[in-house]
Amino acid sequence: MKKPVADQQAVPTAPVCQTASNKPSCKPVIFVPVDRSPEIQEARLKLPILAEEQVIMEAINENPIVVICGETGSGKTTQVPQFLYEAGYTSSNGIIGITEPRRVAAVSMSQRVAKEMNLSHRVVSYQIRYEGNVTDETQIKFMTDGVLLKEIQKDFLLSKYKVVIIDEAHERSMYTDILIGLLSRIVPLREKVRMPLKLIVMSATLRVEDFTENNRLFSVTPPVIQVDARQFPVTVHFNKKTPLDDYSGECFRKVCKIHRMLPSGGILVFLTGQAEVHSLCRRLRKAFPFQKNNIDDDKEESVEEIRKFKKSRKRKKTTALPQIDLDNYSVVPVDEGDEDRDAETDDDIAGSDVDLDLGDGDSEEDSSLPLYVLPLYSLLAPEKQAKVFRPPPPGTRLCVVATNVAETSLTIPGIKYVVDCGKVKKRFYDKITGVSSFRVTWISQASANQRAGRAGRTEPGHCYRLYSSAVFMDFEKFSAPEITNRPVEDLILQMKALNIEKVINFPFPTPPPAEALAAAEELLIALGALKELKEQQAAKLSCPISPLGRVMATFPVAPRYAKMLALSKQHDCLPYTITIVSAMTVRELFEEFDRPAVSEEETAKLKGKKARLLQIQKIWAGQGALQKLGDLMVMLGAVGACEYAGCTPKFCEENGLRYKAMLEVRRLRGQLTTAVNSACADTGLYVDPKMKPPTEAQATYLRQIVLAGLGDHLARRVQAEELLDEKWKNAYKTALLDDPVFIHPSSVLFKQLPEFVVYQEIVETTKLYMRGVSAVEPEWIPALLPPYCHFGKPLENPPPSYCPETGRIRCHRPSVFYRVSWQLPAVEVDYPEGIDRYKYFARFLLEGEVIEKLGSYKRCLLSSPLIMLKTWSKLQPRTEALLQALVAEKCDNRDALLDAWKKNPKCKCFADRRGKPRPARPTPSRRQRAPPARSRPKRAAGRAPTGAGRGRIRSQRGGFRPPK
DNA sequence: GAGCACTGC
């Protein structure tokens, strides 16, 4: 040990060795001892990264930014934080932060490192969205990337961190990319204030040029350190031919071959979706029956079944144990795939499908060992997912049929064979309209290699690629970074909240497409989150955040939803909006019952469950005014009912709800409630598990709130007279799309077909379908969505009027919806700016509407105040004098007039010399606790409220605030 | 009248 810790804690940043540039080095001179158990010490020494400790630490000591490349299994995630800790980077109250792209990783890594270091979780801790165990003593903190991004909002310099490690940077998740961009600026800023911060970017692949060779990101190229992985060799076999369509069938044949011919070891199959996974499971179970497989997954462990199984094992003792020696296999290294040689190999071992009479396996039972077939995909219930981590029943071979979850998120033990169809199902977004669709595409080479790697975790393995090496060579080297193919409005709002106005200048490792940036900025302006700059094109993409935007940015949900929350203080809607927003944010609340079943029995069961869900959804949708809230009411009803019942797995199971989703909704409601409470102290909000359904009036307000957030997602039913083509039957038109869109058949409004609706999203399948639909009244549109409406001249009838609450001139204006020019009902709005507004103001002033006292002079006036509006009024000097005085003082409303008087009591604007003017304000007796008129609901006779808030939250002014 | 991979605040 070098020096006692205590001595050094006061001066941990004292330079020990001068770097070439003579910059202050932040190399701490401490060695902090760690008390590891002998077993852990032994296991650690086997990790290749241990040998690189000195190289890594020297690089970190001498450079502010270091890139470490090491594949899965190199131990970089668990060991680098320990190196830093031992080198004293956490002394003097600085902590080490490590970001992970997934919650489970943050939690499990913190636990593992705590165990390895023999330290309490009070010292090695984690923080994820809803929970954490961070304390004052925390020195190593694992967190999800989004958590660190939020922390930057509170403390731009991240002053409590000595080191930030961005793990899994090769995955190029959106937050990781942004974090790296931000940290590239934070590191030099910290250098300036002489509190150096170390940034370590860790990647599993060598694709780091986006980071290292991007001068705008890092002006000095950071050193890249490579670390070997402790992986077993995986032999890759390419197919000679690439099946055009039926990769699923090809998977089936390959699994059959492997199972019949090759020694024991688990098989992992990569497919693209739930339906494929289930149908392959079904075929495989039929081909290699294992009694329980075929019936019900849940009964698997019953004593009876195990007894049966043992019996069958005895019976099959002599059959088809693999006789092939794997060592005789001609190996084909990963990068030298030769399809001909490979095909030979295949034939040597397994012969062709024809020789073996593999058929499609549906016809006959096979005599091989039972195959223990399990499906695996993200939306599968956790307890069913968990099965893949347990050893398969004795005497069986494990075969997991998975989607892409198994590529990065979940690691299955005991896999020796990987079957890779080479495809992935991806979500695509239209950059301008935001319409999304799912398409099956080829994976990238990096992805294929990652999949292959899953075969070599515990022993040497094999990967069977169901495509030729030529096809593989045509794959993209890497998948596109997430930020380039997703809407970015949430990201842009976060950046603007950090006062990054010119987002185009941000050092993105890879920038999003310009169209996506423009669409995001446009949406945020329409939501009122950004201040619109009227100046030329140059102002594009550099609008500053508005006070409303700042409030919205504190809500951890999509900007459209954040806007809804910001509006919902009115009429006690917040608990409902929070619930609806939570439900819309959590994906797939409802169980999917349309998948192919394993057995006839299961088919019937699924059918029953589906019918039950449809029935209960109708109940949740409610009646009358509630029903018009549509699918959002169903979500609200589902969450309400579930929480009322205590959110039990049983209730979820019986009512077609995904338990995991409901738990997530519960936690999100908690988080949003806290966020709303801190944005606005006087709400006194709490999460009520026994929340009552909204009243009819509240449901109507909720529809208006939803409209205000989803204004760009408005659709109008195609009118009978516009029906030129059959394809437009029951169709809707939207502002941005030329093609017809339809209400999704699963929507409770599917048969109602309201004239106007808003939708949560449009997904393109066989048609363009709107999902998450809610009905809208036409008169709300101009009142709540002025940015999307073009207004016409004020109407003469009803005539303009003076509003005593706001002191402004009001009028009715007709309008049309942008781009599509839908005629909208005339609505009452503030009179548009201009000379006419002064004229009306003068008239109402003379009539005594503005200042009560002046009313008494009305009869003394020489002519009627109405002449203020006549075109010939100019001819009358006294009216013209008044008008000019008002214009000169910019007085076209009461507040301006009162201000002008205050500043200059002799102001010519009709000064009242006998005393202070008294504005004609409504007295409490006339209107109890009247809300501000702009957010005041209006009631049409005999109907629920029809107009509601544009209520803009008032808070402090925005503007650039440099980091402290 | 339907078919959606995977994540993070």
Side-chain angles (χ1 to χ4, degrees), chain A residues 99-106 127-132 143-154 168 171-179 270-279 376-380 402-410 421 423-428 436-441 443 447 479 481-483 485-486 490-491 493-494 497 552-559 561-562 581-582 585-590 592-596 610 614 658 664 667-668 671-672 674-675 729-730 742-747 750-751 761-771:
Chain A
T99 71
E100 295 291 333
R102 278 168 292 279
R103 293 180 198 157
V104 270
Q127 179 68 52
I128 60 174
R129 181 166 188 159
Y130 305 110
E131 61 180 64
M143 67 201 119
T144 34
D145 43 18
V147 168
L148 189 63
L149 192 60
K150 279 276 165 193
E151 286 187 18
I152 292 180
Q153 266 182 26
K154 293 187 197 109
E168 314 280 12
E171 287 189 21
R172 304 298 305 273
S173 81
M174 192 162 75
Y175 287 161
T176 291
D177 269 20
I178 294 309
L179 279 177
F270 282 100
L271 278 175
T272 71
Q274 278 185 47
E276 279 173 14
V277 164
H278 280 288
S279 80
L376 181 68
Y377 46 86
S378 167
L379 288 175
L380 192 68
T403 61
N404 229 19
V405 259
E407 190 181 304
T408 47
S409 306
L410 298 171
C421 76
K423 305 268 181 155
V424 68
K425 190 178 282 172
K426 263 193 191 162
R427 187 171 190 158
F428 288 82
S436 63
S437 56
F438 288 85
R439 274 178 256 158
V440 173
T441 65
I443 56 176
S447 217
S479 327
E482 188 190 12
I483 201 169
N485 52 27
R486 273 186 53 160
D490 48 350
L491 202 67
L493 181 61
Q494 296 304 314
M552 285 166 58
T554 67
F555 299 141
V557 288
Y561 303 160
V581 163
S582 302
T585 301
V586 174
R587 61 186 186 134
E588 307 296 334
L589 293 193
F590 304 105
E592 174 66 61
F593 297 126
D594 289 329
R595 60 179 165 80
K610 194 182 158 187
L614 282 177
R658 271 184 59 235
E664 184 83 8
R667 298 201 283 183
L668 187 50
Q671 195 193 23
L672 292 180
T674 310
K729 196 182 164 203
N730 294 337
F742 298 86
I743 295 180
H744 193 273
S746 67
S747 168
F750 178 62
K751 285 188 181 145
E761 60 170 359
I762 293 183
V763 179
E764 182 173 12
T765 52
T766 50
K767 290 175 176 176
L768 294 165
Y769 283 109
M770 297 182 276
R771 308 195 48 168

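Within every chain, numbering begins at 1; the chains are lettered A, B, ... in the order of the sequence lines, protein sequences first and strands thereafter.
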Select from Leu614(A) and Asp490(A) the residue whose nearest nucleotide in DNA chain B is closer to the 5' end of that strand.
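Looking at DNA chain B, the more 5' nearest nucleotide goes with Leu614(A).
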Looking across every strand, which nucleic acid part, if any, lies under 4.0 Å from [X] by heavy atom: base, sugar-phosphate, or nothing?
X	result
Arg486(A)	base
Ser409(A)	sugar-phosphate
Glu588(A)	base
Ser746(A)	nothing
Arg102(A)	sugar-phosphate
Lys610(A)	base
Ser173(A)	nothing
Val405(A)	sugar-phosphate
Phe555(A)	nothing

Of all the nucleotides listed ([options]), which has the minimum atom distance to the side chain of [X]?
X	options	value
Arg587(A)	dC9(B), dT7(B), dG3(B)	dT7(B)
Tyr769(A)	dA5(B), dC9(B), dG1(B)	dG1(B)
His744(A)	dC9(B), dA2(B), dA5(B)	dA2(B)
Thr765(A)	dC9(B), dT7(B), dG3(B)	dG3(B)
Met174(A)	dG1(B), dG8(B), dC9(B)	dG8(B)
Thr144(A)	dG8(B), dT7(B), dG1(B)	dG8(B)

Does some side-chain heavy atom of Pro481(A) sit less than 4.5 Å from a side-chain heavy atom of Glu171(A)?
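No, side chains not in contact.
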So, is [X] near the phosphate of [N], with a side-chain N or O under 4.0 Å from OP1 or OP2?
X	N	value
Gln671(A)	dC9(B)	no
Ser378(A)	dT7(B)	yes
Lys425(A)	dA5(B)	yes

Run the salt-bridge test on Arg427(A) and Glu482(A) with the 4.0 Å N-O cut-off and return the result as yes or no.
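No, Arg427(A) and Glu482(A) are not salt-bridged.
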Ionic contact status for Glu664(A) with Arg667(A), cut-off 4.0 Å:
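A salt bridge is present here (some side-chain N lies under 4.0 Å from a carboxylate O).
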For Tyr769(A), all residues meeting ring pair (Phe, Tyr, Trp, His ring centres under 6.0 Å), sequence neighbours excluded
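Tyr769(A) satisfies ring pair (Phe, Tyr, Trp, His ring centres under 6.0 Å) with His744(A) only.
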Atom [atom1] of [X] to atom [atom2] of [N]: distance rounded to whole Å?
X	N	atom1	atom2	result
Leu491(A)	dC9(B)	CG	P	15 Å
Arg667(A)	dG8(B)	CZ	P	10 Å
Phe270(A)	dC6(B)	CZ	C1'	13 Å
Lys426(A)	dA5(B)	NZ	C1'	10 Å
Asp177(A)	dT7(B)	CG	P	18 Å
Arg439(A)	dA5(B)	CZ	P	15 Å
Leu179(A)	dC9(B)	CG	P	12 Å
Leu768(A)	dA2(B)	CG	P	13 Å

Can you check side-chain contact (heavy atoms from CB on, under 4.5 Å) on Arg587(A) and Ser378(A), steps first, answer last?
CA-CA 11 Å; Arg587(A) 61 186 186 134; Ser378(A) 167; 2.8 Å; yes
Results of salt bridge (charged side-chain N to carboxylate O under 4.0 Å, His left out) for Asp177(A) - residues two or more places apart only
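Salt bridge (charged side-chain N to carboxylate O under 4.0 Å, His left out) check on Asp177(A) returns Arg172(A).
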Closest contact, heavy atoms only, Glu407(A) versus Phe270(A)
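Shortest heavy-atom contact: N-CE2, 3.6 Å.
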